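Have a look at the structure below, then the notes.
Computed from a prediction, not measured in an experiment: that's the story for all the values here.
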Amino acid sequence: MSANWFDRAIASVAPRAAARRVLARQAFETLTRGYDGAARGRRTEGWRAPGSSADTEIGVAGALLRDRMRDLVRNNPHAAKAVAVLVNNIIGAGIMPRAASGEEALDRKVDALFERWTADCDADGQLDFYGLQTLICREMVEAGEVLVRRRMRRVSDGLPVPLQLQVLEADFLDATKSGALGAGRLVQGIEFDPVGKRRAYWLHAEHPGDAYGALQNGLQSRPVPATEIAHVYEKQRTQARGVPWGAPVIRSLRDLDDYEVAELVRKKTEACVTAIVFGDDEAQQGIAPSVVDADGNRVEQFEPGLIAYARGGKDIRFNQPSATGGYGEYKRASLHTISAGFRVPYELLTGDLSQVNYSSIRAGLVEFRRQIDAVQWQLFIPMFCAPVWRWFTEAAWAAGQIPSPIVPVEWSPPKFEAVDPQKDAMANLLSIRSGTMTLAEVIARQGRNPDAVLAEIAATNAKLDALGLVLDSDPRRVTKTGSAQISDPANDEPAADADNDPAQADQQD
């Protein structure tokens, strides 16, 4: 900041005082600067922005947000579709594990044991492990959080591994349990020790919303060790519990519902009145129409094809319902807002592809898939898949089926369907040839077990060799020019080039 003429005048007689004056004015102007978003005034009047903690805010609004979102998913098609799109992309056919201890025999044994256990892992006896993943992910998105409880079983129960999983809705957590508890504390049913580690979950024996359960057991709750619970939710702040993913657009969904109902009622009302008979006196035309039935009784409801008679009516005017201007634009704009709130592309939420081309939909899907990838690896796998694998290996070790309670694991989320399969396949091929990606990584990205796929390829090649068949897809038969060669299985010497010998080419599949 430069000095003004008055500062220079003071400096001529008192330089030190002039310097202090300039510095003080500069400090004052610095204090008056700030963010426009933090300004107070007429434009920001009514903007509530309390500095409360995430747990305080969720404690007040969490249950109501959960109930309203469930109601919207039950009755609003856009909310139901948004939840379905997120679950289908996060889980798909299932996030599959693969033992990675480095000991081939142990890995095969653990994988086979887990595969048998998946069919019987549901405590309700209805879903397999991958079906439970879908249910848990749906609860996480729709209700904001879900609990999975470890249920140990007896060896005599006949399960491949004496372990099952019980899925509990967030309502089972006793939200009234909050406050100090010895040296620790309780936050909405979750008990923390003095260092902030989760120690227990206070759970109701029955769902509080179940009439029979509430009458039988009241609203009593008891602590369950945190080691027995997998709590799955999205942490947006350092909160103890989650909120529905669609919370930012709950009001928008409701407003769109109300708008569509109002518009539908208006159109029905207009369509009911076919014509109105008016009198020849201008003063009588302002009188409300009176509708009577065959007996002369007054009728006060609209029906299709209704003709209303004004008093002294002698003229008839047919009703012409007005067009609904801007309805499509308003709905499209509302759905864009809703899709942004759910973090789902508009095209996937609505199925409307009229405004996109190949490049735009591919660019939009790239960003969406990056988000799904983050949810899979940073949320769902650490919060659910990893604890379940640890419970499984511990139970299998305790039952004497594997030699160690700790077995490293690799997870394979479902693959994303290619928008252009040929280009994606060529990109994978170039990555393998350039050494930036292994064949096992490419297979794992397809949602399959690389060891199983390679073993299947080896078995297929052996069977083809035994039958004397040669396929163009067999990499052992490809020349430097890219054409297939046929060799004699007896001495494995290449014969004629199939591209140049029609007789040999006929033998190809």
Side-chain angles (χ1 to χ4, degrees), residues 37 44 46-50 52 54-55 57-91 134 136-146 170 232-239 241-263 326-356 360-361 363-376 378-380 383:
T44 58
W47 189 341
R48 297 182 297 108
S52 51
D55 289 329
E57 294 171 356
I58 295 172
V60 173
L64 186 56
L65 286 174
R66 189 164 59 242
D67 294 340
R68 287 180 175 176
M69 181 52 63
R70 286 172 174 166
D71 179 74
L72 286 170
V73 172
R74 285 193 298 266
N75 299 295
N76 186 291
H78 306 300
K81 180 62 180 296
V83 172
V85 167
L86 287 168
V87 174
N88 290 342
N89 280 272
I90 295 172
I91 301 301
T134 298
I136 291 164
C137 184
R138 181 179 181 83
E139 279 295 312
M140 176 187 71
V141 174
E142 179 180 330
E145 58 184 339
V146 64
V232 187
Y233 69 101
E234 182 185 27
K235 294 192 76 167
Q236 297 178 338
R237 294 174 64 186
T238 56
Q239 76 262 29
R241 300 187 61 175
V243 295
W245 287 27
V249 289
I250 284 179
R251 291 182 60 179
S252 298
L253 285 163
R254 182 69 174 180
D255 289 343
L256 181 59
D257 266 350
D258 292 342
Y259 173 77
E260 290 188 327
V261 170
E263 194 63 38
Y327 172 77
E329 290 76 8
Y330 172 79
K331 186 169 183 178
R332 187 177 297 110
S334 296
L335 290 176
H336 273 291
T337 300
I338 292 168
S339 64
F342 272 105
R343 292 167 281 177
V344 171
Y346 168 83
E347 292 75 21
L348 296 185
L349 176 70
T350 63
D352 179 14
L353 301 177
S354 61
Q355 305 296 320
V356 300
S360 63
I361 191 64
L365 290 178
V366 166
E367 177 60 28
F368 178 63
R369 289 172 177 177
R370 185 178 291 114
Q371 171 194 313
I372 294 299
D373 197 53
V375 172
Q376 290 169 339
Q378 299 175 11
L379 194 162
F380 200 82
M383 285 188 167

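- Formation of a donor-acceptor pair under 3.5 Å by the Q239 side chain with backbone atoms of E234 is found in this model.
- Between L349 and F342, the closest side-chain pair of non-hydrogen atoms is not below 4.5 Å.
- Qualifying side chain to side chain donor-acceptor pair (under 3.5 Å) partners for R68, counting only residues two or more places apart in sequence or in other chains: none.
- Salt bridge status for E329 with R332: absent, with no side-chain N to carboxylate O gap under 4.0 Å.
- Atom NZ of K331 and atom CD1 of I338 lie 9.5 Å apart (nearest 0.5 Å).
- Two residues are said to be in side-chain contact when any heavy atoms from C-beta on lie closer than 4.5 Å; V73 and R138 meet this criterion.
- Shown here are the side chain to side chain donor-acceptor pair (under 3.5 Å) partners of Q355, two or more places apart in sequence or in another chain: there are none.
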**OP:** With side chain to side chain contact (heavy atoms under 4.5 Å, CB included) as the test, would you mind laying out the steps for I91 and I136 before giving the verdict?
**Re:** CA-CA 10 Å; I91 301 301; I136 291 164; over 6 Å; no

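- Ionic pairing of R370 and D373 is not present here: no N-O contact between side-chain nitrogen and carboxylate oxygen is shorter than 4.0 angstrom.
- Side-chain atoms of S360 never come within 3.5 Å of backbone atoms of V356 as a donor-acceptor pair (strictly under, hydrogens ignored).
- Here the closest non-hydrogen pair linking V141 and L86 is CG1-CD1, 3.7 Å.
- Counting only residues at least two apart or on different chains, no salt bridge (charged side-chain N to carboxylate O under 4.0 Å, His left out) pair has a member in residues 347-356.
- Side chain of N89 to backbone of V85: a donor-acceptor contact under 3.5 angstrom is found.
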Original post:
Is there a side chain to side chain contact (heavy atoms under 4.5 Å, CB included) between M383 and K235 once you walk through the steps?
Top reply: CA-CA 11 Å; M383 285 188 167; K235 294 192 76 167; 4.1 Å; yes

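- Evaluation of the side-chain hydrogen bond (donor to acceptor under 3.5 Å, both in side chains) test over residues 243-255, restricted to residues two or more places apart or in two chains, returns none.
- For the atom pair CG of N75 and CZ of R70, the computed distance is 14.0 Å after rounding to the nearest 0.5 Å.
- Closest approach of A247 to M69, counting heavy atoms only: N-CE, 4.1 Å.
- For the pair P244 and E142, the tightest heavy-atom approach, listed with the atom from each and the gap, is CB-O, 3.3 Å.
- Taking the six-membered ring where the residue is Trp, Y259 and Y327 present parallel rings, their angle staying beneath 30° rather than reaching 60°.
- Of all heavy-atom pairs between L379 and M140, the closest is CD2-SD, 3.2 Å.
- Atom CG of L335 is separated from atom CG of L253 by 9.0 Å, given to the nearest 0.5 angstrom.
- Between the side chain of K81 and the backbone N or O of N76, no donor-acceptor pair lies under 3.5 Å.
- F380 pairs by the ring pair (Phe, Tyr, Trp, His ring centres under 6.0 Å) definition with F384, not counting sequence neighbours.
- By the side chain to side chain donor-acceptor pair (under 3.5 Å) test, R241 pairs with E145, sequence neighbours left out.
- Closest heavy-atom contact between S339 and P345: CB-C, 4.2 Å.
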